[in-house]
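Every number for a ligand or one of its atoms is a count from 1 in the order of the listing.
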Amino acid sequence: MKFNEKFNRSLDKQVKLAVTGLSRSGKTVFITSLVHQLLHGLEDRRLPFFKIVSTDRLRGTKILPQPDMHIPTFRYDRAIEQLCGDPPTWPEPTNGISEVRLAIRYLSNNPLLKRMSPIKTLYVDIVDYPGEWLLDLPLLELSYEEWSEQIARLCEMEPRATLSQEWRTFLETLDLTSEAEDSTLRQVSQLYTDFLYRCKEPQYNLSLLQPGRFTMPGEDLKGAPLLEFCPLLKIPQDIDYNDNSLYAEMKRRYESYKEHVVKKFYKAHFSSFDRQIILADVLRTFNTGYASFVDMRDAINMVLKSFHYGKSGLINKFFGLKIDKMLFAATKADHVTPDQLSHLESFLQNMLATSQNNATFEGVSSETLALAAVKCTQAAHTTFQGKKMSCIKGMPIEGDKPIALFPGEVPIEVPMPEEWVEGRFHFMAFKPPRLANVHGSGLPHIRLDHALEFLLGDKF
Ligand SMILES: Nc1nc2c(ncn2[C@@H]2O[C@H](COP(=O)(O)OP(=O)(O)OP(=O)(O)O)[C@@H](O)[C@H]2O)c(=O)[nH]1
Ligand SMILES: [Mg+2]
């Protein structure tokens with residue numbers, strides 16, 4: 001390599017972007033749309049707030065072979081084909097890890113470098129993974145007993161109290177001091193897993209489901225004994241457990257799950273990130289009610305607490321994470337009327353105020369944004385009882401006729417439990433839009449350019 005070329009390379013920059021969000025929060029769609037917007041940045045006028053585009057300094061973007069050859073490639077091609085197909089469809093829930101590397105070429109505006117080597121490259125690495133696995137992170141700080149206690153407390157409240165009944169009844173029949181039998185471990189963990197799956201059903205829509213691999217094992221761990229344990233409801237203090245006991249075996253498997261599954265995942269994929277976006281789908285929980293909302297709020301805060309952005313934080317201690325910018329984003333903002341976007345942002349800000357405070361205290365700069373990676377609705381107006389009202393029009397996920405509706409006002413503060421009355425909100429899911437010229441003009445979105453500017457803008 002010639003000196004000039006070497007010198008140019010040394011001036012190129014790299015960003016690792018952590019896309020963080022619970023399952024179904026919109027990670028895969030966000031990554032797909034982000035890649036799509038960047039690939040179409042030159043032809044497109046959809047990114048007015050992304051300065052590198054609006055100042056005409058972008059010279060093009062390409063997907064490159066990723067640096068980690070052992071990790072599957074993010075299937076952008078497949079996802080975009082689905083999103084832009086006829087009929088367009090959403091990507092499937094993610095069941096494993098994948099990675100994409102982008103090279104963004106741009107014209108430098110650094111006066112010193114402008115003459116020597118004006119064209120620079122910013123490399124952006126992004127990892128996609130199932131949202132379920134994110135909830136494993138808090139386990140790293142918890143002993144088996146502490147984790148069991150947390151789950152036991154959650155199971156005292158509805159709807160978990162009812163949903164966990166079968167598992168709890170079986171668990172209570174077990175003698176924890178008896179010798180561990182594979183068949184018992186299998187049965188009790190299966191009942192616990194069934195309980196977690198029930199919590200996930202749309203009418204309950206609970207988020208705080210641990211361990212993450214129980215409901216999303218991934219190809220590597222399907223049926224592995226490592227997933228055959230469960231938390232305990234009561235741990236009697238004054239009994240001697242021997243090493244072969246059921247209790248000792250469950251505890252051993254929990255510790256090995258942390259060591260071989262959780263730590264490995266975070267070490268390989270959550271280390272050395274510089275930027276983070278936290279995606280939260282708050283609207284879905286508005287529909288399902290207070291319990292579902294509280295569960296999602298607690299799950300996100302619990303995950304963010306584990307990140308502890310300061311030097312002594314868990315992620316930092318274990319994996320050397322150095323995040324300097326963090327974006328909190330309320331996803332699927334196309335489910336609300338445009339006048340409600342600021343409410344959605346305020347709501348998310350209030351919901352995650354402590355986490356945001358903790359991050360900024362440690363010097364991480366942060367912002368809150370309502371966005372839609374793929375805008376599926378159009379804003380419209382209708383007249384109701386003589387009054388002009390905003391509404392949205394789109395193709396509902398179930399059905400093949402477009403509808404117009406007013407989905408409800410987004411509150412700024414969390415409503416009191418008794419105010420979550422049924423039917424107050426109708427935040428409906430929509431099909432992706434049918435687009436004639438998507439490969440020429442990019443996917444429609446809401447504020448993705450703001451997100452790009454905040455996350456990457458200062459690197460150019
Ligand atoms: N209207 C609208 N719906 C969206 C948008 N992004 C995601 N969705 C909906 O949310 C669902 C989940 O999105 P994904 O991107 O697959 O979510 P994820 O976070 O990758 O989920 P996991 O892979 O299960 O962790 C999609 O199937 C869509 O129904 C958006 O920008 N607008
Ligand atoms: Mg996904």
Lys16 and Asp274 ion-paired at < 4.0 Å: no
Between Ser164 and Arg160, a side-chain donor and acceptor under 3.5 Å: no
The single option from Phe293, Tyr290, Phe286 passing ring pair (Phe, Tyr, Trp, His ring centres under 6.0 Å) against Phe425: Phe286
No-hydrogen, no-angle side-chain donor-acceptor test under 3.5 Å, Ser355 and Asn301: yes
Under 3.5 Å side-chain donor-acceptor pair for Gln356 and Ser366: yes
NZ or CZ of Lys51 within 45° of Phe460 ring axis and under 6.0 Å: no
N, O or S atoms of the protein lying under 2.8 Å from the Mg ion (ligand 2): Thr28 OG1, Thr94 OG1
Check: Arg424 side chain, Glu419 main-chain N or O, donor-acceptor pair, under 3.5 Å: yes
Verdict with supporting geometry, Leu102 and Leu34, side-chain contact (heavy atoms from CB on, under 4.5 Å): CA-CA 10 Å; Leu102 297 171; Leu34 181 148; 4.2 Å; yes
Residues in the immediate environment of ligand 1 (any heavy atom closer than 4.0 angstrom): Leu22, Ser23, Arg24, Ser25, Gly26, Lys27, Thr28, Val29, Trp90, Pro93, Thr94, Pro130, Gly131, Lys332, Asp334, His335, Ala372, Ala373, Val374, Cys376
Side-chain donor-acceptor pair present, Asp136, Tyr266, cut-off under 3.5 Å: no
